[in-house]
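Data block below; observations after.
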Amino acid sequence: MKNNPALLRIPGPTPIPENIQRALSKPMINHRGPVMNELFATLKKDMKDIFGTKGQVLFLSGSGTSAMETAVTNIVSEKEQVLVLVSGNFGERFAQICEAKNLIVHKIIVPMGKVIDPTEVGYYLEKNPKIKAVFATLCETSTGVLNPIKDISAMIKETSEALFVVDGVSAVGAVDVQMDNWGIDVFVTSSQKALMLPPGLAIIAMRGDTWQKIQHNKGSQFYFDLVKYKESLDENRMPFTPPISLLYGLHESITMLKNEGHAKVYQRHQ
Ligand SMILES: Cc1ncc(COP(=O)(O)O)c(C=O)c1O
């Protein structure tokens with residue numbers, strides 16, 4: 001393998017700035033000690049600002065798909081009905097996860113390059129009141145479209161009690177997102193795109209009392225049981241050994257985003 005850094009022209013993994021590389025190579029620390037606790041406290045607060053939420057932010061070891069699967073497993077149970085909004089490959093992935101979990105999966109599919117129509121979502125939910133959750137993709141990386149998440153969310157709230165789960169893997173950090181204002185109940189992302197980190201860190205945010213619904217869901221998950229993550233992160237820990245290097249890197253990445261200014265960063269990605 002040559003020593004030259006690869007010129008990456010893919011949506012992610014993205015190139016890692018040198019100061020983040022340095023943060024990633026810091027020595028290991030006690031993953032249950034005070035330095036780690038302080039790092040978690042800072043990262044939780046900063047990620048809430050990036051998601052635009054006053055709710056919970058949980059960190060997991062895994063790529064983006066692990067966060068998608070965790071969201072599905074923790075909020076719906078076998079044989080419950082869900083609606084998946086498919087505007088490309090990653091919407092289809094949400095549908096595949098739901099099918100693998102034996103859920104009853106409804107889909108609204110639009111052609112590649114098109115966005116989901118919020119009005120159609122409203123009609124669909126009115127006709128199917130048993131739907132417990134709606135899954136959507138903010139930036140459909142396979143086509144580059146940004147779905148109108150704010151309007152879809154408003155329509156869901158108007159026509160149903162369903163929870164709204166959004167995949168923000170290629171969006172969070174690159175575009176302005178306002179989880180609480182838009183009414184997204186569960187928002188997932190991962191490290192390797194706009195956050196400028198290697199793959200392997202997944203992040204899940206939950207709005208307001210969404211947490212209560214998760215607590216009461218009796219799933220069969222163990223490693224990705226969000227109850228464990230919530231309880232540990234309330235004490236600034238993770239239930240299992242955290243990806244310490246990636247968390248150091250995230251701290252550096254957030255510092256870079258803050259220094260540049262979020263508005264400028266979002267403008268640069270347009
Ligand atoms: C929108 C979106 N969702 C989910 C994923 C899956 O993430 P991962 O490959 O990290 O599991 C990707 C990855 O490219 C993505 O762009």
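Computed from heavy atoms alone, side chains included, the values below leave out hydrogens, waters and symmetry copies. Because the structure is predicted, anything quoted here is derived from the model rather than measured.
Contact detail for Leu8 and Pro13: the closest heavy-atom pair is CD1-O, 3.2 Å. Summarising the geometry of Val121 relative to Ile108, their closest heavy-atom pair is CA-CD1, 3.9 Å, with the distance given to 0.1 Å. The minimum heavy-atom distance linking Cys139 with Leu146 is given by the pair CB-CD2, 3.6 Å. The two atoms that bring Thr53 and Met206 nearest to each other are OG1-O, 4.2 Å, heavy atoms only. Nearest heavy-atom pair across Trp211 and Val227 is CH2-CA, 3.7 Å. In terms of heavy atoms, Met112 sits closest to Ser142 at CE-OG, 4.1 Å.
Residue-environment remark: NZ (Lys132) stays at or below the threshold of 12 foreign heavy atoms within 6.0 Å. Few gaps surround CD on Glu126; more than 12 heavy atoms of other groups in view lie less than 6.0 Å from it. When the shell of 6.0 Å around CD of Glu161 is examined, it contains 12 or fewer heavy atoms from other residues, nucleotides or ligands. Atom CD of Glu18 has 12 or fewer heavy atoms from other residues, nucleotides or ligands within 6.0 Å. Residue-environment remark: NZ (Lys230) exceeds the threshold of 12 foreign heavy atoms within 6.0 Å.
A 4.5 Å side-chain heavy-atom check between Glu80 and Ile104 finds every atom pair outside the cut-off. Counting heavy atoms from C-beta on, the side chains of Val165 and Asp185 never come closer than 4.5 Å. Residues Leu201 and Leu250 are in side-chain contact: their nearest non-hydrogen atoms beyond the backbone lie under 4.5 Å apart. Using a 4.5 Å cut-off on side-chain heavy atoms (C-beta onward), Val84 and Ile109 make no contact. Contact check for Lys101 versus Glu78: no side-chain heavy atoms found under the 4.5 Å cut-off. Using a 4.5 Å cut-off on side-chain heavy atoms (C-beta onward), Lys193 and Pro11 make contact. Counting heavy atoms from C-beta outward, Ile203 and Ser190 have side chains that stay 4.5 Å or more apart. Taking 4.5 Å as the limit, some side-chain heavy atom of Ile152 sits within range of a side-chain heavy atom of Phe164.
Between atom CD1 of residue Ile116 and atom OG of residue Ser87 there is a gap of 5.0 Å, rounded to the nearest 0.5 Å. Between atom CG of residue Asp176 and atom CD of residue Gln270 there is a gap of 10.0 Å, rounded to the nearest 0.5 Å. Atom CG of Leu43 and atom CE of Met36 lie 7.5 Å apart (nearest 0.5 Å). Atoms CD1 and CG, from Ile131 and Leu163 in turn, are 12.5 Å apart once rounded to the nearest 0.5 Å. For the atom pair OG (Ser66) and CD (Glu69), the distance works out to 8.0 Å, reported to the nearest 0.5 Å. How far CG of Leu39 is from CD1 of Ile29: 6.5 Å, rounded to the nearest 0.5 Å.
No donor-acceptor distance shorter than 3.5 angstrom exists from the side chain of Asn147 to the backbone of Glu140, with no hydrogens or angles considered. Here the side chain of Ser153 pairs no donor or acceptor atom with the backbone of Ile149 at under 3.5 angstrom. A donor-acceptor pair under 3.5 Å is formed between the side chain of Lys157 and the backbone N or O of Gly183. Side chain of Ser253 to backbone of Gly249: no donor-acceptor contact under 3.5 angstrom is found. Judged by distance alone, with hydrogens and angles left aside, the side-chain atoms of Asp117 form a donor-acceptor pair with the main-chain N or O of Thr119 at under 3.5 Å. Side-chain atoms of His269 come within 3.5 Å of backbone atoms of Val265 as a donor-acceptor pair (strictly under, hydrogens ignored). Using modelled atom types, no side-chain atom of Arg32 and backbone atom of Asn37 make a donor-acceptor pair closer than 3.5 Å. No donor-acceptor pair closer than 3.5 Å links the side chain of Glu235 to the backbone N or O of Arg237. Listed for the Thr210 side chain is a donor-acceptor partner under 3.5 Å among the backbone atoms of Arg207. In this structure, the side chain of Asn102 does not engage the main chain of Lys79 through any donor-acceptor pair within 3.5 Å.
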Worked verdict on Asn74 versus Lys213 for side chain to side chain donor-acceptor pair (under 3.5 Å): CA-CA 9 Å; Asn74 281 269; Lys213 290 166 192 156; over 6 Å; no

Derivation of the salt bridge (Lys or Arg N to Asp or Glu O under 4.0 Å) call for Lys107 and Glu92: CA-CA 9 Å; Lys107 294 187 204 177; Glu92 189 50 42; 3.3 Å; yes

From CA spacing to verdict: side chain to side chain contact (heavy atoms under 4.5 Å, CB included), Asp180, Lys54: CA-CA 7 Å; Asp180 287 354; Lys54 292 191 170 18; 3.8 Å; yes

Leu257 and Met196: CA distance, side-chain angles, deciding distance, side chain to side chain contact (heavy atoms under 4.5 Å, CB included) verdict: CA-CA 10 Å; Leu257 296 173; Met196 305 173 282; 4.0 Å; yes

Test side chain to side chain contact (heavy atoms under 4.5 Å, CB included) applied to Phe40 and Met238, step by step: CA-CA 9 Å; Phe40 271 128; Met238 260 169 74; 3.6 Å; yes

Asp167/Phe135 under side chain to side chain contact (heavy atoms under 4.5 Å, CB included): CA gap, chis, key distance, verdict: CA-CA 8 Å; Asp167 166 359; Phe135 295 89; over 6 Å; no

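In terms of hydrophobic clustering, with Ile, Leu, Val, Met, Phe, Trp and Tyr side chains grouped at heavy-atom distances under 4.5 Å, Phe187 and Ile214 are assigned to a common cluster. Both Val172 and Phe94 are members of a single hydrophobic cluster when ILVMFWY side chains are connected at heavy-atom separations under 4.5 Å. Under the 4.5 Å side-chain heavy-atom criterion for grouping Ile, Leu, Val, Met, Phe, Trp and Tyr, Phe90 is not connected to Val166 through any hydrophobic cluster. By the rule that hydrophobic residues join a cluster once side-chain heavy atoms approach within less than 4.5 Å of another member, Phe59 and Met28 end up as members of one cluster. By the rule that hydrophobic residues join a cluster once side-chain heavy atoms approach within less than 4.5 Å of another member, Ile244 and Tyr223 end up as members of one cluster.
Here Val145 is tied into one hydrophobic group with Val115, each link being a pair of ILVMFWY side chains closer than 4.5 Å.
Note: Phe240 and Phe222 have tilted aromatic rings, judged against thresholds of 30 and 60 degrees for the angle between ring planes.
Each salt bridge (Lys or Arg N to Asp or Glu O under 4.0 Å) pair with one or both residues in residues 247-270, not counting sequence neighbours, appears once here: Asp46-Lys258, Glu260-Arg268.
Under the 3.5 Å distance criterion, with hydrogens and angles disregarded, a donor-acceptor pair is assigned to the side chains of Lys44 and Asn236.
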